[in-house]
Trainee: 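I have a structure here, written as structure tokens, and I will follow up with some questions on it.
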Amino acid sequence: MNHVAPLPGTKRACVIGAGLGGLATAIRLQAAGVATVLVEARDRPGGRAAGEERDGFRFDGGPGVLNDRAALEALWALTGDDLSDAVTLLPVEPLCRYAWPDGTTFDLHADDGALTREIARIAPGDLAGYEDYARFTREMLAEFRTRPGPAPFSAFAALARAAPQLARHQAWRSLWSVIARSVKSEHLREALAVPALIGGANPFAASALLAAEHARERSGGLWWPEGGMGRLAQALQTRFERLGGTVRLHDPAARIHTLGNRAHAVETQSGWNDRFDAVASSADLVHTWRDLLGDAPRGIEMARKTRRRAHAPGLFTVSFALEGTWPGIPHRMVLLGPRFRGLVEDIYAHGVLPQDQMIWLDHPSLTDPSLAPPGKSLFHAAVPVAHLGKLPIDWETVGPMLEQRVLDEIGRRLVPDIHDRVITRFHTTPRDLALDFNASLGSGFGLDPGPLATGWLRPATRDARIGNLYLTGSCAMPGGGLPGALASAEICARTMLENLP
């Protein structure tokens, strides 16, 4: 740890959780002159993106790509530095390939000409309709996602001020309805809807606000940090420490102590205890309220309310390495099954484990060969499944069977002799998310980002009762994957700075 003693009178803050959102929050506070301590349960930063090395391969468990380069660059620009001096970002192209059992494929490109040719190939009648949808996504991004310094909406009265814009852009409509209004091809509709699922949202129920991410990816591109997401997390930690911040790794937060309506200290499992002027948690919401606030009345009240809210699905993942290289398999790919709406309903509503599946497949060693030894390849497959509250099965028994089914399907559609080529493989389940990351109900995304939990309607940055307790990261407002976590960090840090005594 690197610790720089704060000047007398310096305000002090603690950020709980060194995921990418927590790291970004801590960097912003420290750069603004607040003496900040970052507390992390694991022995390395990054949360699920921390990764691990096995048999000469560097596996990551976090996002398969970076889709908000500008927000990362801003963390270095705070003090006039350059992200490229710390991390090399490699472009990912195509942005994604979608593949169906009937042999149809569709590559989503950032380049307008390449994308037009792809649409003309699989859905020539939808060229004009896609452009209508693309225009809508650009308007949504400009209106709701790219405004400098987004302000938190902590009350419905504040949200009402945005009602005219929300109504004008029909944000009350579901994402699927907006897509279907413009595009008629079922294949193209599904391809445009899948990114919402990758962020934990049901496209048939989630707000059209989520359409902005399509424009973000096409305008800003997708990127991969050379060396993996774990290397990016390490670079963020180094950035924080060089600014004078203090990191406590492998020491889980055990309690946020309160006195009246103030959080005044943080205690960890090792017994470390220190006082702070403000505390921000990027941990799971239920864990923050139920476990970290302990028997504080506010914690009991909010844990009960949060537990009752709809949660996003869980994730089943399979990480594996193969002999050989596969230049024909892009960095990012989605293997869709014979059903789409029915599969989504099984996951979100019925809570069953269907025989068919949707596989989100990442092939990062294609973009970054340093992740694997020469002549070998690394993959990460994720399958959305119902969370533990809807699907209370024995994952220790089901996990190995589902891992086999995932590899069988990838072998059938992409690598015929996959089982002969496997060097190493392992899987994680919703139960692992619950045990290793305190994820409520084993959800891979926190609260379900439905119509009443999207953007400004997600949990507010600043608690209404404990005035110096804040929420940050993907579980808090505005939520939604890495862009949401980084936006939340900006909102949280600014709100803390405005309210520090």
Trainee: Is there a side-chain contact between E409 and I359 in this structure, where contact means two heavy atoms from C-beta onward sitting under 4.5 Å apart?
Mentor: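 In short, these two side chains touch, coming nearer than 4.5 Å.
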Trainee: Just by modelled atom types, is the G17 backbone N or O under 3.5 Å from a matching donor or acceptor in the E40 side chain?
Mentor: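 Not at all, since once roles are kept as given, no pair shorter than 3.5 Å links the two residues.
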Trainee: Sort out for me which residue in F320, F316, F59 forms a ring-ring contact (aromatic ring centres under 6.0 Å, His included) with F426.
Mentor: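 Among F320, F316, F59, the one that satisfies the ring-ring contact (aromatic ring centres under 6.0 Å, His included) with F426 is F59.
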Trainee: With distance as the sole test, does R48 use its side chain to make a donor-acceptor pair with the main-chain N or O of G444 at under 3.5 Å?
Mentor: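 Here the side-chain-to-backbone pair exists.
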Trainee: Do M358 and L197 have side chains that get closer than 4.5 Å, going by heavy atoms?
Mentor: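 A side-chain contact under 4.5 Å exists here.
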Trainee: Is it true that, when you exclude R218 itself, more than 12 heavy atoms of the residues, nucleotides or ligands shown sit nearer than 6.0 Å to its CZ?
Mentor: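 Result for CZ/R218: enclosed.
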Trainee: Heavy-atom distance under 4.5 Å between the side chains of P400 and H427, does that happen here?
Mentor: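 Yes, at least one pair of side-chain atoms sits under 4.5 Å.
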Trainee: After noting the C-alpha distance and the side-chain angles of L407 and I418, does the key distance pass the side chain to side chain contact (heavy atoms under 4.5 Å, CB included) rule?
Mentor: CA-CA 7 Å; L407 291 177; I418 189 170; 4.1 Å; yes
Trainee: Check whether any side-chain N or O of S282 sits under 3.5 Å from a backbone N or O of I16 as a donor-acceptor pair, and report yes or no.
Mentor: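 Yes.
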Trainee: Take R413 and L335 through the side chain to side chain contact (heavy atoms under 4.5 Å, CB included) test and state the conclusion after the steps.
Mentor: CA-CA 9 Å; R413 296 172 67 171; L335 300 178; 4.0 Å; yes
Trainee: Please say whether the positively charged group of R69, taken as NZ for Lys or CZ for Arg, lies over the ring of W223, i.e. under 6.0 angstrom from the six-membered ring centre and within 45 degrees of the axis.
Mentor: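 Yes, a cation-pi geometry.
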Trainee: Please examine the side chains of L293 and L469, heavy atoms only from C-beta on, and report whether any two atoms are closer than 4.5 Å.
Mentor: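 Yes - at least one pair of side-chain heavy atoms lies under 4.5 Å apart.
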Trainee: Assess the side chains of N468 and H264: does a donor N or O sit below 3.5 Å from an acceptor N or O?
Mentor: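 Distance-only check fails for N468 and H264.
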Trainee: Passes side chain to side chain contact (heavy atoms under 4.5 Å, CB included), Q237 versus L249? Steps please.
Mentor: CA-CA 11 Å; Q237 177 185 337; L249 294 176; 4.1 Å; yes
Trainee: Testing M496, R262, R12 one by one against D277 for a side chain to side chain contact (heavy atoms under 4.5 Å, CB included), which residue passes?
Mentor: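 Single pass found, and it is R12.
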Trainee: Checking side-chain polar atoms at under 3.5 Å, does R425 have a donor or acceptor matched by the opposite partner on Q404?
Mentor: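 Yes, Q404 and R425 have a side-chain donor paired with an acceptor closer than 3.5 Å.
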Trainee: For residues 50-64, which residue pairs qualify under side-chain hydrogen bond (donor to acceptor under 3.5 Å, both in side chains), counting only residues two or more places apart or in two chains?
Mentor: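 The answer is E52-R54, D55-T424, R58-S370.
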Trainee: Mind checking the CZ-CG spacing from R309 to L441? Nearest 0.5 Å is all I need.
Mentor: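 So the gap between those two atoms works out to 13.5 Å.
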Trainee: Using only heavy-atom distances, determine whether the side chains of S440 and D284 contain a donor-acceptor pair under 3.5 Å.
Mentor: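 Short answer, no.
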Trainee: Between R421 (side chain) and E323 (backbone), is there a donor-acceptor pair under 3.5 Å?
Mentor: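 Answer holds: yes.
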Trainee: Please report the interatomic distance CG(L353) to CD1(I393), rounded to the nearest 0.5 Å.
Mentor: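 Going from CG on L353 over to CD1 on I393, the span is 5.0 Å.
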Trainee: Decide yes or no on salt bridge (Lys or Arg N to Asp or Glu O under 4.0 Å) for D81 and R239, but give the supporting numbers first.
Mentor: CA-CA 10 Å; D81 297 308; R239 170 75 172 151; 2.8 Å; yes
Trainee: Check for a donor-acceptor pair, side chain of S365 on one end and backbone N or O of S377 on the other, with a separation under 3.5 Å.
Mentor: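 Between the backbone of S377 and the side chain of S365 there is no qualifying donor-acceptor contact (under 3.5 Å).
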Trainee: For H311 versus T306, what's the shortest heavy-atom pair and its separation?
Mentor: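 Answer, listing the atom of H311 first, then T306: CE1-O, 3.3 Å.
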Trainee: Measure the CE-CZ distance between M302 and R465 for me, rounded to the nearest 0.5 Å.
Mentor: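 Atom-to-atom, M302:CE and R465:CZ are 8.5 Å apart.
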Trainee: Can you find a side-chain donor-acceptor pair between H257 and E267 that sits under 3.5 Å?
Mentor: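 A pair is found: one side chain offers a donor N or O, the other an acceptor, under 3.5 Å apart.
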Trainee: Mark yes or no for whether S84, through its side chain, and D82, through its backbone, hold a donor-acceptor pair below 3.5 Å.
Mentor: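 Flag not set: sc S84 to bb D82 has no pair under 3.5 Å.
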Trainee: Output, in order, the C-alpha distance, side-chain angles, deciding distance and verdict of salt bridge (Lys or Arg N to Asp or Glu O under 4.0 Å) for R332 and D362.
Mentor: CA-CA 5 Å; R332 197 184 192 204; D362 291 315; 5.1 Å; no
Trainee: Look at D291 together with R255 and state whether they make a salt bridge at an N to O cut-off of under 4.0 Å.
Mentor: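 Not counted as a salt bridge, because no side-chain N and carboxylate O are separated by less than 4.0 Å.
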Trainee: Quick one: side-chain hydrogen bond (donor to acceptor under 3.5 Å, both in side chains) pairs with a partner in residues 224-236, sequence neighbours left out?
Mentor: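 Passing the test, one end in residues 224-236: W224-D368.
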Trainee: Atom CD1 in I27, atom CG in L72: separation rounded to 0.5 Å?
Mentor: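 Spacing of CD1 (I27) from CG (L72) equals 9.0 Å.
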Trainee: Just by distance, do the side chain of Y348 and the backbone of A201 share a donor-acceptor pair under 3.5 Å?
Mentor: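 Looks like yes, one N/O pair under 3.5 Å.
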Trainee: Does R462 use its side chain to pair, donor to acceptor, with the backbone of G467 at less than 3.5 Å?
Mentor: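 Flag set: sc R462 to bb G467 pair under 3.5 Å.
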Trainee: Locate the shortest heavy-atom distance separating L471 from A460; write the atom from each residue and the value.
Mentor: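 For L471 versus A460, the nearest heavy atoms are CD1-O, 3.8 Å.
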Trainee: Which heavy atom of N67 sits nearest a heavy atom of R216, and at what distance?
Mentor: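 In this case the closest contact between N67 and R216 is O-CD, 3.0 Å.
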Trainee: Does one side chain, of T317 or T428, offer a donor that lies under 3.5 Å from an acceptor on the other?
Mentor: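 Distance-only check passes for T317 and T428.
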Trainee: Do T36 and T246 make a side-chain contact, defined as non-hydrogen atoms from C-beta onward lying under 4.5 Å apart?
Mentor: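 Result no, sub-4.5 Å side-chain heavy-atom pair not found.
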Trainee: Heavy atoms only: give me the nearest F379-L322 pair and the separation to one decimal.
Mentor: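 That would be CE1-CD1, 3.7 Å.
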Trainee: Any chance you could measure N438, atom CG, to L292, atom CG, to the nearest 0.5 Å?
Mentor: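 Nearest 0.5 Å value for the CG-CG distance: 8.0 Å.
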Trainee: Would you say the side chain of M229 lies within less than 4.5 Å of the side chain of L66, judging by non-hydrogen atoms?
Mentor: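 Side chain of L66 against side chain of M229, heavy atoms only: contact under 4.5 Å found.
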Trainee: Are side-chain heavy atoms of L414 and W326 found at a separation under 4.5 Å?
Mentor: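 SC-SC contact between L414 and W326 ruled out.
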Trainee: Are D408 and R405 close enough, and set up right, to give a salt bridge (Lys or Arg N to Asp or Glu O under 4.0 Å), and what steps lead you there?
Mentor: CA-CA 5 Å; D408 287 347; R405 280 170 47 190; over 6 Å; no
Trainee: Any donor-acceptor pair under 3.5 Å linking the side chain of D251 with the backbone of R248?
Mentor: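 No: the side chain of D251 does not pair with the backbone of R248.
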Trainee: Taking T461 for its side chain and I491 for its backbone only, find out whether a donor-acceptor pair lies under 3.5 Å.
Mentor: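 It does not hold such a pair.
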Trainee: Quick one: do the T25 and T472 side chains pair a donor with an acceptor below 3.5 Å?
Mentor: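 Present: a donor and an acceptor within the cut-off.
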Trainee: Do W289 and D463 have side-chain heavy atoms sitting under 4.5 Å apart?
Mentor: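 W289 vs D463: side chains touch.
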Trainee: Test L78 against L243 for side chain to side chain contact (heavy atoms under 4.5 Å, CB included), laying out the working first.
Mentor: CA-CA 11 Å; L78 289 169; L243 290 171; over 6 Å; no
Trainee: For residues Y470 and C492, report the shortest heavy-atom separation together with the two atoms involved.
Mentor: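 Distance-wise, the nearest heavy atoms are CB-SG, 3.7 Å.
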Trainee: Which atom pair, heavy atoms only, marks the closest approach of C14 to V266?
Mentor: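 Smallest interatomic distance, heavy atoms only, reads SG-CG2, 3.9 Å.
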Trainee: Verify the distance criterion only: is there a donor paired with an acceptor across the side chains of H387 and S443 at less than 3.5 Å?
Mentor: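 There is no such pair (donor and acceptor under 3.5 Å, judged by atom type) between the side chains of H387 and S443.
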Trainee: Output the distance between atom CZ (R28) and atom CG (L23), rounded to the nearest 0.5 Å.
Mentor: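 R28 CZ to L23 CG: 13.0 Å, rounded to 0.5 Å.
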